[in-house]
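Note sheet for the following structure.
Quick note on labels: first sequence line is chain A, next is B, and so on, each numbered from 1.
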Amino acid sequence: MSRVVVVTSGKGGVGKTTTSASFSTGLALKGYKVAVIDFDVGLRNLDLIMGCERRVVYDFVNVVQGEASLQQALIKDKRVPNLYILAASQTRDKDALTLEGVEKVIEDLKEAGFDYIVCDSPAGIEKGAQLALYFADEALIVTNPEVSSVRDSDRILGILQAKSKRAENGDAPIVEHLVLTRYNPARVETGEMLSVEDVIDLLSVKLLGAIPESEDVLNASNAGSPVVLDENSAAAQAYNDVVDRFLGEEIEHRFLTVEKKGLFKKLFGK
Amino acid sequence: MALLDYLIGQRKKKSANVAKDRLQILLAHERSERNTPDYLPKMREEILAVISKYVDIDQDKLQISVDEADGFEVLELNLVLPENH
Ligand SMILES: Nc1ncnc2c1ncn2[C@@H]1O[C@H](COP(=O)(O)OP(=O)(O)OP(=O)(O)O)[C@@H](O)[C@H]1O
Ligand SMILES: [Mg+2]
């Protein structure tokens, strides 16, 4: 049985593409066959983060419009077996995607034996974002601990619950998971940043994981290698936990507090 | 210095608490709006069309809302008629 997972947020720039790249890579590392689709038509970025930008010949829009086959457009990841990327178009606009076209691609991917189809949503709550979430079975709500991001996440939750295929058909609702990114425990401890508990409270969504604010994320995107592959990085470990929890493992949450050394420095050092 | 900042920070209300309070109010409000049925705008138009057949009214003099009172859902229609119709 394949599952469609949308990575969405409403607000832009909160870490959807970073999360899509690491989450799909993590799932593939577990042995699942994974396709990750960039829905951000006109602003293709997932290919850069995954490091396959020079291998894009055909894209998602080409497939939807029948100009290329799915097999031609799927880019096989060079590092991780069973991982495939479907790039967004860089030249077309958002109207190039149709509901029927997207449905066909997703159905074909299911038929081709993909276990997980990860949809990297564009920002906003308009057509592009709605198409990305329409066929979802599960959703990763990517949120920063910050007022506008929380508010926009709540908007997108409303859309998941009302305008998805599952909602329209009256099927079991989309399973919602909170992924809190760019978390800074030091600022939470000084009372300047909303805590995980605050955000869970406000959105009433179960926490899948908190990803700490980390310099490794920028380094990873510079290199075109999803941060989850940078084994020594806290962000990578946090994304690995996200994947494990998503697959049903019960793991204690990490990276929610400042390390002891950090606290000492905060109180007595400059 | 850091210690001093920390102690001063204790006294005034933490900005994260302010953020949470504001969001709680805002999200409650936005969620209640989200739950109004989406046929309302269309129904409003149609009701207006019917009324306009008999009375010459101003478009924005008709207010429609769905409220909850004592466990019942109440459809509220509010129309101000012009002076000499
Ligand atoms: N945990 C993190 N720590 C530090 N920086 C991060 C983290 N997660 C994301 N970023 C940075 O935030 C920026 C936006 O990330 P990303 O492109 O993944 O967001 P997005 O939600 O996909 O944006 P858009 O809405 O434009 O598609 C990038 O510069 C990325 O490197
Ligand atoms: Mg993105």
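Note that CG of A/Leu202 and CG of B/Leu26 are 10.0 Å apart. Values are rounded to the nearest 0.5 Å. Rounded to the nearest 0.5 Å, atoms OG (A/Ser204) and CZ (B/Arg31) are 5.5 Å apart. Expressed to the nearest 0.5 Å, how far NZ of B/Lys14 lies from CD of A/Glu189 amounts to 10.5 Å.
Atom NZ of A/Lys127 has more than 12 neighbouring heavy atoms from other residues, nucleotides or ligands inside a 6.0 Å radius. Environment of CZ in A/Arg254: crowded, with over 12 heavy atoms of neighbouring residues, nucleotides or ligands closer than 6.0 Å. Crowding of A/Glu215 atom CD: a count of heavy atoms from other residues, nucleotides or ligands under 6.0 Å not exceeding 12.
Using a 4.5 Å cut-off between heavy atoms, B/Gln24 touches chain A through backbone and side chain atoms alike. B/Leu23 touches chain A through backbone and side chain together, each having a heavy atom under 4.5 Å away.
Across A/Leu194 and B/Ala16, no two heavy atoms sit closer than the pair CD2-O, 3.5 Å.
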